[in-house]
Amino acid sequence: MINRIILSFLTIFLLAGCLQKGETVQVLTATPENYELYLYSEVDEEESAQDYLSALLDWKLKQEDGTELKFQQTEKNKNDLDIPTEELPLLVVKEEGKTVTTISGNNPREKILMTLENHIAMVR
């Protein structure tokens with residue numbers, strides 16, 4: 001009887017080690033006015049999202065409304081988001097809950113900034 005219990009625990013332990021562990025994705029969220037900005041990036045690859053962060057800060061500095069752009073950082077399971085790894089980093093811009101634009105992968109800061117400027121109309 002004890003041998004079966006030990007064998008069962010050993011089997012469960014070995015199978016649990018073989019299961020693919022869910023990878024996490026870092027999510028930075030900001031909500032200026034009626035917009036929602038989501039920046040998805042791999043947790044261990046912050047450098048790949050550096051141009052996105054720089055473009056977001058450049059965009060905010062160009063705004064004249066004086067409101068702060070506050071980011072909230074969370075981590076989510078990659079499987080829950082259904083985002084292919086090759087699309088990370090990924091910036092999603094939503095207006096009133098509807099996706100306005102997305103930009104993904106390695107892009108220069110200027111292209112990301114231009115995308116933000118072309119799709120977000122802040123009231124001045």
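Atoms considered below: every heavy atom in the structure, side chains included; atoms not considered: hydrogens, waters and symmetry mates. Note that this is a predicted model, so its numbers are computed, not measured.
The side-chain contact (heavy atoms from CB on, under 4.5 Å) test with L39 is passed by exactly one of V27, L88, L53: L53.
To the nearest 0.5 angstrom, E87 atom CD is 11.5 Å from Y40 atom OH. Annotation: the span from D51 atom CG to L113 atom CG amounts to 11.0 Å, rounded to 0.5 Å. In this structure, T24 OG1 and L81 CG are separated by 10.0 Å, a value rounded to the nearest 0.5 Å.
Listed here is the closest heavy atom pair of S104 and L90: CB-CD1, 3.5 Å. Smallest separation of non-hydrogen atoms from P89 and N106: CD-OD1, 4.3 Å. The two residues E117 and W59 make their nearest non-hydrogen contact at CG-CD1, 4.0 Å.
Connection of M114 to V93 is not established within any shared hydrophobic cluster, with ILVMFWY side chains joined at heavy-atom distances below 4.5 Å, either directly or through further cluster members. Clustering ILVMFWY residues whenever any of their side-chain heavy atoms sit less than 4.5 angstrom apart, transitively, puts Y38 in a cluster other than the one holding L57. There is no path of hydrophobic side-chain contacts, each under 4.5 Å, that joins F71 to V25.
Annotation: side chain of L56 is in contact with side chain of L37 (closest heavy-atom distance under 4.5 Å).
Checked against side chain to side chain donor-acceptor pair (under 3.5 Å), N118 has no partners two or more places apart in sequence or in another chain. Among residues two or more places apart in sequence or in another chain, the side chain to side chain donor-acceptor pair (under 3.5 Å) test is passed with Q50 by none. For T85, the side chain to side chain donor-acceptor pair (under 3.5 Å) partners at least two apart in sequence or on another chain are K78. Under the side chain to side chain contact (heavy atoms under 4.5 Å, CB included) criterion, Q72 pairs with T74, sequence neighbours left out. For the side chain to side chain donor-acceptor pair (under 3.5 Å) test, residues two or more places apart in sequence or in another chain that qualify with Y52 are N107.
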Notebook entry, point to check: Passes side chain to side chain contact (heavy atoms under 4.5 Å, CB included), I112 versus L91? Steps please.
Noted result: CA-CA 9 Å; I112 300 164; L91 178 64; 4.1 Å; yes
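For residues 91-115, the pairs satisfying salt bridge (charged side-chain N to carboxylate O under 4.0 Å, His left out) are D58-R109, with sequence neighbours left out.
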